[in-house]
Each structure stands twice: as C-alpha cells, then as structure tokens.
Number of protein chains: 2
Amino acid sequence: MSALDSIDAAMLRILQQNGRISNAELAERVGLSPSACSRRLDILEKSGVISGYHAHLSQKALDYRMIAIVHISLSGQFAKTLAEFEAAVKLCPNVLVCYLMSGEYDYILRVAAKDLADYERIHRDWLSALPHVVKINSSFALREIIDRPNVGV
Amino acid sequence: MSALDSIDAAMLRILQQNGRISNAELAERVGLSPSACSRRLDILEKSGVISGYHAHLSQKALDYRMIAIVHISLSGQFAKTLAEFEAAVKLCPNVLVCYLMSGEYDYILRVAAKDLADYERIHRDWLSALPHVVKINSSFALREIIDRPNVGV
DNA sequence: CCGTCTTCGCAAGGACATTGCGCGGGACTT
DNA sequence: AAGTCCCGCGCAATGTCCTTGCGAAGACGG
C-alpha cells in the first residue's frame, strides 16, 4: 500500500462530503481523466482507506431514535483485561462507538436503541455481561443538537 | 411529505449500509423497476429524509486523528440559556456531535482535532467562549475500539 | 360510476463506468 | 549519458446505467 498523494487526499475530502458523487464529476474536480480517477478510487476502496459509504438519515427516519452514552470502569488496566473487554463489546451490534479514554472512566460508549424497553434489553443482555466491569453509568440524550459526519461539513 | 412505506424503509436500510449502491441493484433488492426506484430515491433525498452520503475513512487516512469527549454544565436550564448555548456551539466546525443530556452534565460533545496543539486552539477559541458554561471537562480518546455508522453494520 | 391522483413498468436516449492499449516521464543501472 | 523498467496517465470503445416521457392500473372520493 503506497502513500496517499495530494490527489488522493482531495478525492477523500470530496467523498467524505458527497459519497455519491459520480466518478466523472469527481475526476473533473481533482483534475484527472475519468479513467485515472476510477482506478485510484478502486485502489482506495480495495486497500481499505475507504471503509464504506453510508447514507446519513435525518433523525425522524431512524428506527434507532434513542442514544445512550455509557461510561464504564474496569477492575484494572492490564492488557489482558482490556483485550477481553474489547473483544466482548465488539460483539454488541447496538454499540456504535467505543473509545478507550483518559480520565475518570476507562471506556465511553455510544449505544443506539429503539426505545427505553429496547435499551433495557441491551443493558441486561449485553452491557451487564461485559467482563471486568466495576462501574457502569448510563446517560440519555434528550435532544440532538449537532450530528456531523466530518469536521466542518 | 408523505409517510414512508415498507419499500422506502428497505431502501433506507440498504443505503445506510451501502451508500454507493447502483440504482439498478437497489431497485432489484427492493423489488422495483429501476425507474420507480430512482423516483423514490429522488423524493427521499429532496425531502431531506436522506441528508447526505459520506465515505467512511479508516482512521489512518484521517487528518483529524484526535477525539475529545467534552462534558459541559451550564449555569441554568432556562430555555433561553440552552438556546443561546446551542446556537453558539453549532458554529464550531470541530464539534462533530452535541447532545443535550440527562445526568450530571447538561451537554456532551465529541470534538475532532488534528493534534493536541489543535485541540488547545479549539478549546481556547471556541469552547471557552461558549455562553453560560460553568464547568468543562475534557477527556481524550486513547484508542478507538468501535466506530460504526449504524446499528449492526 | 366516473374523474382524479398516484405510482407503477416500459422504452429510448443520453450519460456514465470500466477496460485495454499505447505513450511519456522519472528512477535506477550500466 | 544512454538504455531499461515501471508506474501512472489519457484516449477510445463498449457495455451498463440513469433518467425522463408516456400510457396503464389501482385507490379513493364525489
């Protein structure tokens, strides 16, 4: 996998903001012929630099309307403890985001649920079953103020 | 704007997972002719149900590598106080996500920065300038475990 | 029972994506 | 410095796809 040059970077910047742009227009905006652009795009996709394309829906169209922010502390910071926790949390499909954090808690999770009953199920079946957890703190999003896919978009 | 039927819902579900699928294949997977599918997609986009399409990049390709989670408390919960804060926070391009929350803090923000110096600038120029703030608590993501665009993807 | 409205499928024309091919410029060797 | 290799480009062609106009079928209400 070779390094990204400035044309690749321009392509990525455009595709972050408009993932459904046609190859022809993308080529024009980065100053390439459509064929060269198509070949570069193919490389970016196959090498994994672009991991996918996704439609961004307005909140009223979403099935999963409820967002919970979950702070979790583990019983230790040993590599094995972290690895076991992370392997388990990856299996829960409702966890959209999970970061290992600095600060008071070890992990922060963003969990999507359809409603409160659905969240109760997720909490019971998934979150409570995560290994090495000593503290779980759930907060709910009352309202979404901003949800941008990328910086400055 | 009419309600979404089951075909619209199927289209949205597919487009959430593959935003660059061709109209022809999308039509086939929801059981419509390409022309009918194209017209429905046009309506979904123009009515705002689909707010955009975005390429999802692997973290190594991103300019903005550093993620900060910022908890903020305001001096009150009056509608005017919240509205003024929200109007101000929307102006900062580095704030990717902002929720009004239940729990200890009033707002939680996900902020993207290029590096620590960039974050220091954002904190100084934007976050510190937000109105009615009485407490700011920044934590940094040490490692990304999960970053899914949608449930179960 | 008829008019209207909506949404479908079909067909055509124009745009688009992709692949093979040949060229040119840079790097490296002799 | 000349030769060679190799990577990436543009061009061209072909097959596919997207879109729009058109007519028909069904739902609904007067």
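Order of the sequence lines fixes the chain letters, A, B, ..., with proteins taken first and strands second; residue numbering starts at 1 for each chain.
- We find that CZ of Arg40(B) is positioned 17 Å from P of dC18(D), with the value rounded to whole Å.
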Just by protein heavy atoms under 4.0 Å, how would nucleotides 11-19 of chain C read 5' to 3' in B, S and -? ------SBB

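- Side-chain atoms of His54(B) and Gln17(A) include no donor-acceptor pair closer than 3.5 Å.
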Do His71(B) and His71(A) pass the side chain to side chain contact (heavy atoms under 4.5 Å, CB included) test, and can you show the C-alpha distance, the side-chain angles, and the key distance before you say yes or no? CA-CA 12 Å; His71(B) 295 78; His71(A) 295 78; 3.1 Å; yes

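- Atom C1' of nucleotide dC18(D) and atom CD of Glu45(B) are separated by 12 Å, given to the nearest angstrom.
- A straight line from CG of Asp5(B) to P of dT7(C) spans 9 Å, rounded to a whole angstrom.
- In summary, the side chains of His56(A) and Ser51(B) do present a donor paired with an acceptor at a separation below 3.5 Å, with no hydrogens or angles considered.
- Five base pairs at each end of the helix from dC1(C)-dG30(D) to dT30(C)-dA1(D) define two local axes, and these are offset by 30° (rounded to 10°).
- Between Leu32(B) atom CG and dC17(D) atom P there is a gap of 17 Å when expressed in whole angstrom units.
- Under 3.5 Å, the side chains of Ser139(B) and Tyr105(A) contain no donor-acceptor pair of N or O atoms.
- Atom C1' of nucleotide dC9(D) and atom CD1 of Ile43(A) are separated by 12 Å, given to the nearest angstrom.
- The six-membered or imidazole ring of Tyr53(B) lies away from that of Tyr53(A), with a centre-to-centre distance of 6.0 Å or more.
- The distance from atom CG of Leu26(B) to atom C1' of dC18(D) is 13 Å, rounded to the nearest whole Å.
- One finds a salt bridge joining Asp118(A) and Arg121(A) here, because a Lys/Arg side-chain nitrogen approaches an Asp/Glu carboxylate oxygen to under 4.0 Å.
- For the residue pair Arg110(A)/Tyr99(B), the side-chain donor-acceptor check at 3.5 Å is satisfied.
- Between the side chains of Gln77(B) and Asp106(B), at least one donor N or O lies within less than 3.5 Å of an accepting N or O.
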